[in-house]
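Please read the structure below before turning to the comments.
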Amino acid sequence: MVKNKTGGNKAKKFARKDAGHESIMNRKIRYVSYEDEMYGIITKMIGNGQVIVTCNDGRERLCFIRNKFSGRNKHSNLVTLGSWVIVGKRSWETVKEGKLEKCDLLEIYTHQEKTTLLQECKQNLSVLQKQEGILQNVNEEFDDMISFKDTDTNNIMERNNVVSSMDTVVED
């Protein structure tokens with residue numbers, strides 16, 4: 001008989017090797033240091049590991065999510081709408097007319113890191129702040145579209161009277 005000490009099919013794959021993530025809280029903030037790196041904000045989630053990013057030069061680019069941002073490692077690098085990121089432009093690639101430029105995701109900022117980035121960064125990030133405001137207004141407008149209206153109190157009273165009269169008929 002075979003002894004399955006690890007238990008079941010592919011059980012080691014689900015081990016909690018990365019249970020303690022103290023390093024996430026104390027990580028250093030990465031700034032843009034190369035020519036092809038840019039700050040951006042995620043404006044649209046496409047799916048299949050792709051998002052639309054508005055960069056700090058005001059242009060939209062198609063961004064690919066790979067490696068440490070997908071699969072098992074995405075718990076500490078959650079990509080959501082409105083996230084601030086660093087992307088790497090593909091300067092070696094030619095762009096077809098009518099298509100978006102392509103870039104790769106390099107870093108994701110948390111909310112706390114974003115505020116320190118705004119204070120300490122030497123680049124102009126007003127385009128990203130403006131885009132973030134637009135995204136927040138769109139969410140608020142969507143919430144405003146859903147409204148609950150109270151019906152007239154007279155209608156409620158009439159309904160209650162009808163229901164009570166039906167109960168008396170049934171009891172007789």
Side-chain angles (χ1 to χ4, degrees), residues 6-118 120-121 123-147:
T6 57
N9 187 14
K10 301 175 188 167
K12 282 188 178 180
K13 185 167 85 172
F14 301 112
R16 294 186 58 190
K17 296 175 188 172
D18 301 321
H21 287 288
E22 294 82 25
S23 63
I24 294 170
M25 302 307 259
N26 298 327
R27 69 180 184 179
K28 292 183 180 179
I29 296 177
R30 180 178 177 203
Y31 298 103
V32 169
S33 57
Y34 296 105
E35 184 179 325
D36 286 339
E37 292 181 350
M38 301 184 83
Y39 294 107
I41 184 169
I42 296 175
T43 55
K44 187 174 183 181
M45 304 289 285
I46 296 177
N48 199 23
Q50 299 175 4
V51 293
I52 300 289
V53 174
T54 302
C55 296
N56 60 340
D57 62 352
R59 299 180 67 189
E60 285 191 341
R61 290 181 170 83
L62 178 65
C63 182
F64 293 96
I65 302 170
R66 294 204 171 94
N67 299 334
K68 71 175 185 176
F69 306 105
S70 63
R72 187 172 185 179
N73 300 316
K74 69 181 175 184
H75 57 82
S76 59
N77 297 304
L78 192 60
V79 179
T80 58
L81 191 66
S83 296
W84 285 45
V85 295
I86 293 181
V87 294
K89 294 189 305 184
R90 296 182 177 180
S91 59
W92 68 90
E93 208 170 65
T94 58
V95 181
K96 293 182 180 178
E97 192 173 322
K99 299 281 185 175
L100 292 175
E101 284 185 53
K102 295 177 185 172
C103 61
D104 296 305
L105 186 61
L106 302 176
E107 187 74 26
I108 299 175
Y109 291 111
T110 62
H111 183 69
Q112 293 172 346
E113 292 172 340
K114 180 178 66 173
T115 55
T116 57
L117 176 73
L118 287 170
E120 298 176 7
C121 183
Q123 291 188 7
N124 186 8
L125 300 177
S126 61
V127 174
L128 301 181
Q129 290 176 325
K130 183 178 177 182
Q131 189 67 33
E132 186 176 32
I134 291 170
L135 287 173
Q136 288 176 352
N137 287 340
V138 167
N139 290 340
E140 289 174 4
E141 288 175 11
F142 182 72
D143 290 342
D144 290 341
M145 289 173 44
I146 300 171
S147 62

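The figures here come from the full heavy-atom set of this structure, side chains too, leaving out hydrogens, waters and symmetry mates.
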If you round to the nearest 0.5 Å, how far is CD of E101 from NZ of K96?
-> 15.0 Å

Non-neighbouring partners of R30 that pass side-chain contact (heavy atoms from CB on, under 4.5 Å), sequence neighbours left out | E37, I86, L106, E107

Min side-chain heavy-atom separation L117-L125 under 4.5 Å = yes

Set of side-chain contact (heavy atoms from CB on, under 4.5 Å) partners for I29, sequence neighbours left out = Y31, Y109, E113, T116

When rounded to the nearest 0.5 Å, the distance separating CG of N77 from CG of L105 is 8.5 Å

Throw together a table of side-chain donor-acceptor distances under 3.5 angstrom for residues 78-85, partners on residues two or more places apart or in other chains.
residue: T80; atom: OG1; partner: S83; partner atom: OG; Å: 2.8
residue: S83; atom: OG; partner: T80; partner atom: N; Å: 3.2
residue: S83; atom: OG; partner: T80; partner atom: O; Å: 2.9

When rounded to the nearest 0.5 angstrom, what distance separates CG in L128 from CG in L118?
-> 8.5 Å

For E35, all residues meeting side-chain contact (heavy atoms from CB on, under 4.5 Å), sequence neighbours excluded = none

Do L100 and R61 have side chains that get closer than 4.5 Å, going by heavy atoms?
-> no

Listed once per pair and sorted, the salt bridge (charged side-chain N to carboxylate O under 4.0 Å, His left out) pairs that draw on residues 128-137, sequence neighbours left out | K114-E132

Can you tell me how far CD1 of I42 sits from CD1 of I52, rounded to the nearest 0.5 angstrom?
-> 10.5 Å

Please collect all salt bridge (charged side-chain N to carboxylate O under 4.0 Å, His left out) contacts where either partner lies in residues 77-90, sequence neighbours excluded, each pair once.
-> R90-E93, R90-D104

side-chain contact (heavy atoms from CB on, under 4.5 Å) between I41 and L135, worked out | CA-CA 10 Å; I41 184 169; L135 287 173; 4.2 Å; yes

How many angstroms lie between atom CD of E60 and atom SG of C55, to the nearest 0.5 angstrom?
-> 9.5 Å

At their closest point, which heavy atom of V127 faces which heavy atom of G58, and how far apart are they?
-> CG1-CA, 3.9 Å

At what distance, to the nearest 0.5 angstrom, does CZ of R59 lie from OG1 of T54?
-> 12.0 Å

